[in-house]
Amino acid sequence: MSPLLDTLSNAVGAAHVLTHDDPGADLSAWEQDWRQRARGRALAVVRPGSTAEVAAVVRACAAAGVSIVPQGGNTGLVVGSVPDGSGTQVVLSLTRMNKVRAIDAANLTITVDAGCVLQAVQDAAEQAGFLFPLSLAAEGSCTIGGNLATNAGGTQVLRYGNARELCLGLEVVTAQGEVWHGLSGLRKDNTGYDLRDLFVGSEGTLGVITAATMKLYPLPAAQLTAWAAVPSLDAAVQLLGLAHQHLGAGLTGFEVMGQFALSLVAKHFPQQRVPLWDEHPYCVLLENSDNESEEHARAQFERLLETAFENGVVSDAVVAENLQQAHALWHIRESIPLAQAEEGLNIKHDISIPVSKIPAFCAETDALLQHEVPGVRLVNFGHLGDGNLHYNVQAPEGGDAKAFLRTMEERVNTLVFDAVARYDGSISAEHGVGSLKVDKLPGYKDPVALGLMRAVKQALDPHNTLNPGRVLSA
Ligand code: FAD
């Protein structure tokens, strides 16, 4: 065994250092990314059980000049959490660190280890009578550390913000193996640069998050879900405006789904009954969280939909009668990525555009893509309330999906990202940069911002040992 592996075994226990030399070793769960776009090879997978052990691992790797890839649930979508193919990197898996450290009811905060699975944090909050609102389809596997490292969004951003807005304090192991004890539950603290915001969204390139203090909210008295068919994307944006007016802070979800995206759910998961999709170009899922009562929420929804019908903004609509129906409607929305995967490989884009410009962006970009690849199929859906679209491009019907990806991905990406830039958008709304978009950043990010990011990286991780080649090119 190498001296480094010896030191790591002493630090975390031999059972928690996994290598390819172990009998029957299968490290694929840590080496293969969720979308199966990349398979790396790790020198070792190290699974510390405490912050002190994380710090010891980081110090040992720094002394040996070995780079580290922090990993939570490995559900990231931009190839940022798996090692490269060199066999020289250590995967630092946080999943053994999964305890809820404290709930402060009066301060409305929960403090958790970074390896806590998101759903476990939601459950712990609910058991204490609170809402932890971060919610996304990977919540059964992703960890709070990964959510913070990618500044994850999800379906409730409209009301509660991204992971960043939900975070009050962090505990972080630096690239030098020191521990920054920043687990503050303060909502106000103007004592200099905001280090918390620097680490949030840094995708494991500036430090290893070991714990976080997150905001809690009162549980709503009622949550109602409606499904509305709209005659156009423009109408969907108008409906969003009306929903803001009628529901105020009660508007906690506003998702748009294009007809082709819904047709894939109907085709591949026929047991799910998708309402209203076949005669309308778009459907919208709305959620109203009410602090008064279900009757109040229902009355608000009825007034909103009445106005929307009168204005010609909604063509048809259903309001879920009970929680089961609401879950079924959300399940349809969450099944779109899986249905799309069933249909075959596709070119994914996670973009954001100012909400007001989304209809024009889609009209222009849809036409450009159709011109470039006649018959191309667009799987357009996403968090319209936040201006975030999953604007995915599928090969024409019957086409060879693999060949399409191989020959067209670069061209399609350029076409879409150039349009995003023309409409003042971002080429990564919520998934991050990872290694998938690292070569795109220089073309689309302000050069001064990019220079400042490099300076920060150089200051915090001068030897480039933390997740090298992710976010910024190595
Ligand atoms: P990982 O995948 O393990 O890691 C992601 C990145 O964070 C890597 O760069 C890694 O190095 C770094 N990292 C992980 N843990 C730490 C740590 N403790 N300290 C420092 N760096 C760390 N994202 C959204 O924003 N909104 C969505 O709606 C959404 N839906 C999704 C649906 C599905 C089905 C899937 C598979 C993914 C979805 N995602 C979504 C992607 C999202 O980024 C991840 O699911 C999640 O936030 C990552 O958490 P993780 O624990 O799996 O992190």
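When a ligand or atom number is given, it counts from 1 through the structure's own listing order.
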If I apply the N/O under 3.5 Å rule, does [X] come out as touching ligand 1?
X	result
Gln71	no
Ser141	no
Leu77	no
Trp34	no
Ala114	no
Cys142	no

Residue and atom name of the nearest protein heavy atom (relative to [atom]), distance in Å to one decimal:
atom	answer
atom 2 (O) of ligand 1	Gly76 N, 2.7 Å
atom 10 (C) of ligand 1	Pro70 O, 3.1 Å
atom 25 (O) of ligand 1	Gly153 N, 2.8 Å
atom 43 (O) of ligand 1	Thr150 OG1, 3.6 Å
atom 12 (C) of ligand 1	Ala149 CB, 3.6 Å
atom 50 (P) of ligand 1	Gly73 N, 3.4 Å
atom 52 (O) of ligand 1	Thr75 OG1, 2.7 Å
atom 23 (N) of ligand 1	His431 CD2, 3.6 Å

Can you list every side chain to side chain donor-acceptor pair (under 3.5 Å) pair that touches residues 117-127, not counting sequence neighbours?
Gln122-Glu139

For residues 206-217, which residue pairs qualify under side chain to side chain donor-acceptor pair (under 3.5 Å), counting only residues two or more places apart or in two chains?
Thr111-Thr213, Glu171-Thr210

Tell me the contacting part of Asn467 for ligand 1: side chain, backbone, both, or neither, using a 4.0 Å heavy-atom threshold, strictly below.
side chain

Counting heavy atoms only, which part of Leu94 comes closer than 4.0 Å to ligand 1: side chain, backbone, both or neither?
side chain

Could you tell me the separation between the OG1 atom of Thr19 and the CG atom of Asp22, rounded to the nearest 0.5 Å?
3.5 Å

By number and element, which atoms of ligand 1 are closer than 4.0 Å to a non-hydrogen atom of [X]?
X	result
Asn147	46 (C), 47 (O), 49 (O)
Ala152	25 (O), 47 (O)
His383	28 (O)

Tell me which one of Gly207, Ala137, Gly145, Gly115 gets a heavy atom nearest to atom 20 (C) of ligand 1.
Gly207

For Leu134 and Ala163, which heavy atoms make the closest approach, and how far apart are they?
CD1-N, 4.2 Å

Tell me whether atom 5 (C) of ligand 1 lies less than 4.0 Å from at least one protein heavy-atom position.
yes

Using heavy atoms and a 4.0 Å limit, tell me yes or no: is Arg35 in contact with ligand 1?
no

Ligand 1 contact by Asn74, heavy-atom criterion under 4.0 angstrom
yes

Please check if the number of heavy atoms outside Arg187 that lie under 6.0 Å from its CZ is greater than 12.
yes

Other residues, nucleotides and ligands only: do more than 12 of their heavy atoms fall within 6.0 Å of NE2 on His20?
yes

